[in-house]
Undergrad: 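My questions all concern the structure below.
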Number of protein chains: 2
Amino acid sequence: MSNQHFKKGELYSFITGKASTAIARRLQKKLNAAGMNLTIEQWSVLYHLWKDDGKSQQELCNATFRDKPSITRLVDNLEKLNLVKRVPSENDGRINKITLTKQAQKLQEQTMLLAEETLNESLVSVPPEKIEICKEVLQVVYDNLK
Amino acid sequence: MSNQHFKKGELYSFITGKASTAIARRLQKKLNAAGMNLTIEQWSVLYHLWKDDGKSQQELCNATFRDKPSITRLVDNLEKLNLVKRVPSENDGRINKITLTKQAQKLQEQTMLLAEETLNESLVSVPPEKIEICKEVLQVVYDNLK
DNA sequence: GACATATAGTTGTTTATGCAACTATTCAAA
DNA sequence: TTTGAATAGTTGCATAAACAACTATATGTC
C-alpha cells in the first residue's frame, strides 16, 4: 500500500487542521469587526438553513457534522439571538423544524460576502488546479473516516 | 486574480475543516480504545514536548497555534494527569519550562503509532502526489492568514 | 536607579464539543 | 393492542477555545 510509511514530521498539521482553524478565526474576526454578534458555529448552522430553511435538528446534525447535543445548544443560542425558531412538526411529534427569522434572512448576503472574502485571502497565490486537488483529497479523507 | 469567483457551494467544507475534525475524532477514539486517558489537545502538547522537552508555555503556544490561556489550562490538566511538570526557569523568573514525566515518555511510541495508523486510514486510496499538493496548499493557506 | 514598556503566565466569562444518560414520540411485530 | 425497538431531542458533566483583564518579572532608556 502507498501510505504506509508516512513521515512522522508530517503527522501534526494534518491532524490538527491548522489551516481550517486559521480560516475560521479569520472569518470570526471579520464577523466581529462587522459588528455581527455571531459565532462561526452559529453561522455554519445558518448557512444550511439559508440553503434549505426548516431543517430538523437531526438534519442539521448531518449537515454540520455535529452531534445532537451540540445542535440543541446551538439552536438554543440562535433562538436567544432571535435568529431561528423551533417549530414543532405537524406530522411527527418528535421533530422540531428550525426556521429562520426575518432578522436571520437579512444576515445571509453580508456574511456570505465575508466568507468569500476570507477564502479569497486564504487562497492567494494558490493555483485553481491545486485548490481542486486539495478539496478532492479532503473529501476522500472525510469519506474514508465517516 | 484567480480566486475571485469562488463558487459558494465550495465555501463550507474549507471553513469548517470537516476532514481534520474527522481525523481528530478517529484518533481520539483510538486513544480511548487503547485505554489512554488523553485528549487530542493534550496529545498535541505532548507531541511537541516529545520532540523537544522543556519548552516554555509561550513556545508551546507558538508550536500548537493556541493562545496562552489555552496552554495554561492544558498544562494544568496534564499536570493533574502526572504527565508534565512546570519547572521555573533559572534564568528568567517569568518562564515555566514544561517537562515530561517518565509516565509521559512511555506514551510516545504507542500514541505515535495510533496517529500514523489514523492517517493511513484517512488517506487510503489517495495518491502520494496529491497528498503532497494538499499539504502544500494547506501550508500556504496557513501562511497567508497568520 | 526609576519608570515605562514588553513579555510570561493566570483567571474569569461565554461558547462549543463529546459522551452518557435521559424523556418523549413513533413504528413495527407479535 | 400492547410491547419493544428505533428515532428526535434534552440535560449533565468534563474539556477546550477565544477574549479581556489581571499579576509578576524583565528590559531598556532617561
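Every heavy atom of this structure was used, including side-chain atoms; hydrogens, water molecules and symmetry mates were not.
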Undergrad: Which is true for A/I71 with a 4.0 Å heavy-atom rule: it touches a base, it touches only sugar-phosphate, or it touches nothing?
TA: nothing

Undergrad: If each of A/L74 and A/E90 is mapped to the nucleotide of DNA chain C with the nearest heavy atom, which maps nearer the 5' terminus, i.e. the 5' end?
TA: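 Of the two residues, A/L74 wins.
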
Undergrad: Looking at B/S70, does any N or O in its side chain come under 4.0 Å of the phosphate oxygens OP1/OP2 on D/dA16?
TA: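 No.
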
Undergrad: Please tell me if B/R86 has a side-chain N or O lying less than 4.0 Å from either OP1 or OP2 of C/dT10.
TA: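 Yes.
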
Undergrad: Just to be sure I understand the rule, does A/D92 reach a base, reach only the sugar-phosphate, or reach nothing, if contact means heavy atoms closer than 4.0 Å?
TA: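 The answer is sugar-phosphate, as A/D92 gets under 4.0 Å only of primed atoms, P, OP1 or OP2.
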
Undergrad: Report the residue (A/D67 or A/N91) whose heavy-atom-nearest nucleotide on DNA chain C is the more 5′ of the two.
TA: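 Mapping each residue to its closest nucleotide by heavy atoms, the 5'-most match is A/D67.
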
Undergrad: Given C/dT15, is OP1 or OP2 found less than 4.0 Å from the side-chain N or O atoms of A/R73?
TA: no

Undergrad: Taking only side-chain N and O atoms of A/T39, does any of them lie within less than 4.0 angstrom of OP1 or OP2 on D/dA18?
TA: no

Undergrad: Inspect the contact between B/E121 and B/K30 and indicate whether a charged nitrogen and a carboxylate oxygen are less than 4.0 angstrom apart.
TA: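 The answer is yes: the pair qualifies as a salt bridge.
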
Undergrad: For the backbone of B/S122 and the side chain of B/R26, can you confirm whether one donor and one acceptor N or O come within less than 3.5 Å of each other?
TA: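 Not a single qualifying donor-acceptor pair exists.
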
Undergrad: Nearest whole angstrom, please: distance from the P of C/dT15 to the CD of A/E79.
TA: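 Rounding to the nearest Å, CD of A/E79 and P of C/dT15 are 15 Å apart.
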
Undergrad: From the options A/L46, A/L60, A/T99, select the one residue that forms a side-chain contact (heavy atoms from CB on, under 4.5 Å) with A/V84.
TA: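 Result: among A/L46, A/L60, A/T99, A/L46 is the only option passing the side-chain contact (heavy atoms from CB on, under 4.5 Å) with A/V84.
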
Undergrad: Does A/R25 make a side-chain N or O approach to OP1 or OP2 of D/dA18 shorter than 4.0 Å?
TA: yes

Undergrad: Looking only at non-hydrogen atoms, find the nearest pair between A/Y47 and A/M112 and report the distance.
TA: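 Closest heavy-atom pair between A/Y47 and A/M112: CE1-CE, 3.5 Å.
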
Undergrad: Side-chain N or O of B/T72 less than 4.0 angstrom from OP1 or OP2 on C/dT11?
TA: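 The answer is no; no side-chain N or O of B/T72 sits under 4.0 Å from OP1 or OP2.
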
Undergrad: Just to be sure I understand the rule, does A/N96 reach a base, reach only the sugar-phosphate, or reach nothing, if contact means heavy atoms closer than 4.0 Å?
TA: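 Sugar-phosphate contact only - A/N96 comes under 4.0 Å of backbone atoms but never of a base.
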
Undergrad: Between B/Q57 and C/dT7, does any side-chain N or O lie under 4.0 Å from OP1 or OP2?
TA: no

Undergrad: Round to the nearest Å and state the distance from A/I40 atom CD1 to D/dC19 atom P.
TA: 9 Å

Undergrad: With the side chain of A/I95 defined as its heavy atoms from C-beta on, choose the nearest nucleotide among D/dC19, D/dA16, D/dG9.
TA: D/dG9

Undergrad: Compare the minimum distances between each of C/dA6, C/dA16, D/dC19 and the side chain of A/K29, then state the nucleotide with the smallest one.
TA: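 The answer is D/dC19, which lies nearest to the side chain.
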
Undergrad: What is the distance from CH2 of A/W43 to C1' of C/dA16, rounded to the nearest Å?
TA: 17 Å

Undergrad: Take atom CG of A/L31 and atom C1' of D/dC19, then tell me their distance rounded to the nearest Å.
TA: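 In whole Å, D/dC19 C1' and A/L31 CG are 15 Å from each other.
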
Undergrad: Go through C/dT15, C/dG12, D/dA17 for me and flag the one nearest to the B/P69 side chain.
TA: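 Output: C/dG12.
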
Undergrad: Round to the nearest Å and state the distance from B/R66 atom CZ to D/dC19 atom P.
TA: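 In whole Å, D/dC19 P and B/R66 CZ are 15 Å from each other.
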
Undergrad: Side chain of B/T21 only, please: which of D/dA16, C/dG18, D/dA18 is the nearest?
TA: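 Closest nucleotide among those given: C/dG18.
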
Undergrad: Round to the nearest Å and state the distance from B/E59 atom CD to C/dG9 atom P.
TA: 8 Å

Undergrad: Quick test of your reading of the model: are B/K85 and B/E79 salt-bridged, counting only N-O distances below 4.0 Å?
TA: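 No.
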
Undergrad: Rounded to whole angstroms, how far apart are NZ on A/K68 and P on D/dT7?
TA: 10 Å

Undergrad: Look at atom CG of B/D52 and say whether more than 12 heavy atoms of other residues, nucleotides or ligands are closer to it than 6.0 Å.
TA: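 Check passes, neighbour count above 12.
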
Undergrad: Between atom CZ in B/R94 and atom P in C/dA6, what is the gap in whole Å?
TA: 13 Å

Undergrad: For the base of C/dG18, is there a side-chain donor-acceptor partner from B/R26 under 3.5 Å away?
TA: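 Answer is no: no donor-acceptor pair is held.
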
Undergrad: According to a strict under-4.0 Å criterion, is B/Q28 in side-chain N/O contact with OP1 or OP2 of C/dT17?
TA: no

Undergrad: Using only side-chain N and O atoms of B/N77, determine if any of them is under 4.0 Å from OP1 or OP2 of D/dA16.
TA: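 Affirmative; the distance criterion is met.
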
